[in-house]
Protein chains: 2
Amino acid sequence: MTTTADSGVRQRTRRAILEAAASVWARDFSASLGDIADRADVSRSTLHRYFPERQALIDALLIDSQARLGEAWNGALAVSSTAMETVENIMGAIVDLADQILFLFSDPTRFVGNPHWTSDDDDGLLDLIRAAQRDGELDPDIDPTFAMSVMYALIYVTAESVAAGTLPRHKAAETAVRIFRHGVSPRE
Amino acid sequence: MTTTADSGVRQRTRRAILEAAASVWARDFSASLGDIADRADVSRSTLHRYFPERQALIDALLIDSQARLGEAWNGALAVSSTAMETVENIMGAIVDLADQILFLFSDPTRFVGNPHWTSDDDDGLLDLIRAAQRDGELDPDIDPTFAMSVMYALIYVTAESVAAGTLPRHKAAETAVRIFRHGVSPRE
DNA sequence: TGAAAATGAGACATTGCTGTGTCATTATCG
DNA sequence: CGATAATGACACAGCAATGTCTCATTTTCA
């Protein structure tokens, strides 16, 4: 065997398929593997060589998306001081991962029972939200879980609007953060 | 002929199927007709008697959802004076229509080409949002379409939280409206 | 260049959803 | 009660997606 590690070619093909899957499934999870193969400029045969079953591709995309969100998460942590600032930076960093966000959160029920679907990220985020409430930067009357849902929802619609062209990409992060904090009211 | 109009029984069955379809398809549009029949406590045979083809059910649900949103819309209009107040009342009124909201707006691309898919409701709401912007109650820098997306997203997470028990129902409308206007920042 | 790796094209059986139909059973109402 | 409406339980064919396989071709790299 050639020692191991997949060749560069294989890595590139694998990435192309994952990107295509995120792009297609973000908008229509019922899309067929043939659609994804087409988007990836790859034959269905090749797709099946990399991911023998549909579920294998779903799992791989799940893991890959979470990994990329994790990077964004850590990057945001590294440059933040206060809890609210961390929340804001996470929202900002994550907006660039529109396809992954849409895939992960547009219908989380599709992952129930999936061993790779953990709510650890949620726990960390909930802690941050509670900290922000103690700091007086986030309304303590709002349930932390609900605040998190609002956050995800805003990230989701922001990503969606960027994908739809309604919202310029460079304004996405700032817009999401500002509405999260201050709603749609005019700046004073 | 039995004179007329469908018996009360038929109306009830029809409603049960529409409710089930909204509930199921709101979360997973690729769900099968069998899933919907189960949710409606009806056999697949019966479902096909009411809606011969899948597309017929989609169309009927589209029309029904639009009609119910329209009622909420008119009810809100009747008791509102300013544009922003109308927007708020609409949000409050349609929190109970979460399934219909998600079905209609989570992926509008599925209706392209459908003769029943008009964006009139959107247009009306967009006009209201623009009016609120002129009134100085809504940030003019926010794209109206995006503001509308935010509105729907908040309505959905609010309804979802009510269903999950995170948020008491009687606080739902007020919470959605407040976050829409002022975000999650503490009240001053 | 030549071997190995990677891919494309296609055949094939399987599976699940759909749409159609029949027949028996239950519910509704005059 | 009795007739009709409404439903449930199947059976069946058609179809698209899936998963497995083989074989020819192209690409990569030593």
Side-chain angles (χ1 to χ4, degrees), chain A residues 1-62 103 107 109-114, chain B residues 1-62 64 103 107 109-111 113-114:
Chain A
M1 66 179 71
T2 57
T3 48
T4 42
D6 300 314
S7 71
V9 177
R10 283 192 67 84
Q11 282 303 323
R12 246 178 309 135
T13 303
R14 186 186 146 89
R15 281 244 58 84
I17 294 173
L18 285 175
E19 291 296 327
S23 169
V24 172
W25 278 344
R27 289 157 187 79
D28 177 17
F29 187 60
S30 68
S32 72
L33 299 180
D35 293 335
I36 293 173
D38 289 346
R39 172 67 68 98
D41 283 317
V42 149
S43 70
R44 196 165 67 88
S45 303
T46 296
L47 190 150
H48 270 103
R49 284 194 189 91
Y50 284 77
F51 306 97
E53 306 164 2
R54 182 188 173 95
Q55 191 59 45
L57 178 55
I58 295 174
D59 290 348
L61 182 55
L62 176 58
F103 170 73
D107 178 24
T109 63
R110 69 175 66 127
F111 300 131
V112 292
N114 191 309
Chain B
M1 66 178 73
T2 53
T3 45
T4 88
D6 302 314
S7 70
V9 177
R10 282 192 69 82
Q11 281 304 323
R12 249 179 320 171
T13 302
R14 185 187 147 90
R15 281 244 58 83
I17 294 174
L18 286 175
E19 292 294 329
S23 168
V24 171
W25 278 344
R27 288 157 185 80
D28 177 16
F29 188 60
S30 68
S32 72
L33 298 180
D35 293 335
I36 294 173
D38 289 346
R39 172 68 67 100
D41 282 318
V42 151
S43 70
R44 197 166 65 88
S45 302
T46 297
L47 189 151
H48 269 103
R49 284 194 189 91
Y50 284 77
F51 306 98
E53 306 163 3
R54 182 188 174 95
Q55 190 60 45
L57 177 54
I58 295 174
D59 291 347
L61 182 55
L62 176 58
D64 182 67
F103 170 73
D107 178 21
T109 64
R110 69 175 66 126
F111 299 130
N114 191 310

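Only heavy atoms go into these numbers, but all of them, side chains included; no hydrogens, no water, no symmetry mates. Residue numbering restarts at 1 for every chain, and letters A, B, ... go by the order of the sequence lines.
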- Query: Of Ile36(B), Thr46(B), Leu57(B), which is the lone residue that meets side-chain contact (heavy atoms from CB on, under 4.5 Å) with Phe51(B)?
  - Reply: Leu57(B)
- Distance from Gln55(B) atom CD to Leu62(B) atom CG, nearest 0.5 Å? 9.5 Å
- Quick one: label Phe51(B) by what it contacts on the DNA or RNA (base, sugar-phosphate, nothing), any heavy atom closer than 4.0 Å. nothing
- Query: What distance do Phe29(A) atom CZ and Asp28(B) atom CG have between them, rounded to the nearest 0.5 Å?
  - Reply: 8.0 Å
- Query: For Ser32(A), does its backbone N or O pair with a side-chain atom of Asp35(A) as donor and acceptor, under 3.5 Å?
  - Reply: yes
- Message: Working to the nearest 0.5 angstrom, can you tell me the gap between Ser43(A) OG and Asp38(A) CG?
- Response: 10.0 Å
- To the nearest angstrom, the CD-P distance between Glu53(B) and dG19(C) comes to 6 Å
- Message: In whole Å, I'd like the distance from the CG atom of Leu47(B) to the P atom of dG8(D).
- Response: 10 Å
- Item | Toward the 5' end of DNA chain C, by each residue's nearest nucleotide, Arg49(A) or Gln55(B) | Arg49(A)
- Measure from OH on Tyr50(B) to C1' on dA6(D) and round the result to the nearest Å. 7 Å
- From the options dG19(D), dT7(D), dT7(C), select the nucleotide whose nearest atom is closest to the side chain of Thr46(A). dT7(C)
- Task: Residues of residues 8-35 of chain A with any non-hydrogen atom less than 4.0 angstrom from an atom of DNA chain C: list those, numerically ordered, please.
- Result: Val9(A), Arg10(A), Thr13(A)
Every protein N/O lying under 3.5 Å from an N/O of nucleotides 10-16 of chain D:
unit_1: dC10(D); atom_1: N4; unit_2: Ser45(B); atom_2: OG; d: 3.0

- Note on the structure: Taken to the nearest 0.5 Å, the spacing of Arg15(A) CZ from Thr13(A) OG1 works out to 11.5 Å
- Can you see which heavy atom on Leu47(B) is nearest to which on Ile17(B), and at what distance? CA-CD1, 3.9 Å
- Separation between OG (Ser23(A)) and CZ (Arg27(A)), nearest 0.5 Å, reads 5.0 Å
- Item | Heavy-atom closest pair, residues Val9(A) and Tyr50(A) | O-OH, 4.5 Å
- Message: How many whole angstroms separate atom CG of Asp38(A) from atom P of dA17(D)?
- Response: 11 Å
- Message: Output the rounded distance in Å from NE2 (His48(B)) to P (dC17(C)).
- Response: 12 Å
